[in-house]
Amino acid sequence: MKVQQIIEHFSTLPMASFNTIAPGTSLILAPHSDDESLGCAGLIATAVQHDRPPVVVIVSDGSASHPASHAWPPERLALCRQEESRNAAAVLGLAVDRLLFLGLRDSAVPSAGIVFENVVQKLRLLVRQYNFQNIFVPWRHDPHCDHVAVWSMGQRLKALQPELRILSYPVWGLTLPPEKNIEEALPTGWRLDIKCFLSHKRNAILEYRSQMGLVVEDDPNGFVLPEYLLEKMLQPYEIFMTS
């Protein structure tokens, strides 16, 4: 099926209440610092409003966005991105103790093997500790290896604990070439109305100054969040897929 058909279908998914999409408690897995705000900021703010704040786990250290910088080596950049994540969480009303960092190397998050299984076991302990019912992961067709790896973690958790609800949120998948063919039936799921939190979402994303080209000055080819992605993410709804 062509990407254009699937993306057009996203806008026709039914609107649903927060309680329908995320009954109970939720764990949000973000491949990098900023993915949680790009894909789920409205959900996070809504959950906080409902007095059911999620736990957000940032899987990678985010250190690969500016590889040519000397002033911002990976260790320093990783600390910067953690601080940006805390600032973004504060914008959304999420307490700092609900934000966890696994620190896996950016662009090298495993999708199988010993490290992968160790991470899954850590996440499983979190599931038991907080009695999570919902796990939010990136869409399997997001075109980044770390996003695919984190999706795989969700699938592995589901295999170990079939009672878990796994929902996917798209980020970079929304920017795939419309003519591209992918092996995907029309997904099922919902849209969450986030109009009342859209400004919060925008402000949370803006906290990622390093990803806006406002921090690192010695890597002209470093990553900058493109406007075409921000335009797609700053819609009055967020998309959550069950298949």
Heavy atoms, side chains only, cut-off 4.5 Å: are [X] and [Y] in contact?
X	Y	result
V59	P31	no
V171	P138	no
P54	I44	yes
L206	N203	yes
L38	Y208	no
F240	C40	yes
W139	M241	yes
D35	D146	no

Rounded at 0.5 Å granularity, tell me how far [atom1] in [X] sits from [atom2] in [Y].
X	Y	atom1	atom2	result
I135	S26	CD1	OG	8.0 Å
Q129	L27	CD	CG	11.0 Å
E179	Q4	CD	CD	9.0 Å

Inter- and intrachain pairs under salt bridge (Lys or Arg N to Asp or Glu O under 4.0 Å), touching residues 60-82, at least two apart: D34-R81

Counting heavy atoms not belonging to [X], are there more than 12 under 6.0 Å from its [atom1]?
X	atom1	value
E227	CD	no
R98	CZ	yes
E183	CD	no
E217	CD	no

Do you know which two heavy atoms are closest between [X] and [Y], and how far apart they sit?
X	Y	result
D142	G173	OD1-N, 2.7 Å
A204	A88	O-CB, 3.5 Å
F223	P226	CZ-CD, 4.4 Å
L43	I194	N-CG2, 4.4 Å
G154	I166	O-CD1, 3.5 Å
S37	K201	O-CE, 3.3 Å

Given the options M153, K122, R156, E117 meets side-chain contact (heavy atoms from CB on, under 4.5 Å) only with R156

Per side-chain contact (heavy atoms from CB on, under 4.5 Å), V119 is matched among L104, V109, V150, I114 by L104

Answer yes if [X] and [Y] sit in the same cluster of Ile, Leu, Val, Met, Phe, Trp and Tyr residues linked by side chain heavy atoms under 4.5 Å apart, and no otherwise.
X	Y	result
F10	W172	yes
L160	L167	no
L77	L225	no
V137	L126	yes
F197	I205	no

Using modelled atom types only, decide if a donor and an acceptor are shared between the side chain of [X] and the backbone of [Y] within a distance under 3.5 Å.
X	Y	answer
E184	M1	no
R165	Q133	no
N134	T25	yes
D219	A68	yes
E207	N87	no
H50	R52	no

Quick check on the 6.0 Å ring-centre criterion: do H32 and H147 meet it? yes

Under the side chain to side chain contact (heavy atoms under 4.5 Å, CB included) rule, what do W190 and T20 come out as? Steps first, then yes or no, please. CA-CA 9 Å; W190 305 281; T20 296; 4.0 Å; yes

Side-chain donor-acceptor contacts of residues 229-237 below 3.5 Å, not counting sequence neighbours, with atom names and distances?
residue : atom : partner : partner atom : Å
Q235    : NE2  : E231    : O            : 2.8

Kindly determine whether H144 and S107 satisfy side chain to side chain contact (heavy atoms under 4.5 Å, CB included), including the steps that lead there. CA-CA 8 Å; H144 190 295; S107 298; 4.0 Å; yes

Ignoring hydrogens and geometry beyond distance, is a side-chain donor-acceptor pair present between S210 and E84 at under 3.5 Å? yes

Side chain to side chain contact (heavy atoms under 4.5 Å, CB included) assessment of L92 paired with V48: CA-CA 8 Å; L92 301 174; V48 171; 5.9 Å; no

W72 and H66: CA distance, side-chain angles, deciding distance, side chain to side chain contact (heavy atoms under 4.5 Å, CB included) verdict: CA-CA 8 Å; W72 291 86; H66 294 78; 5.7 Å; no

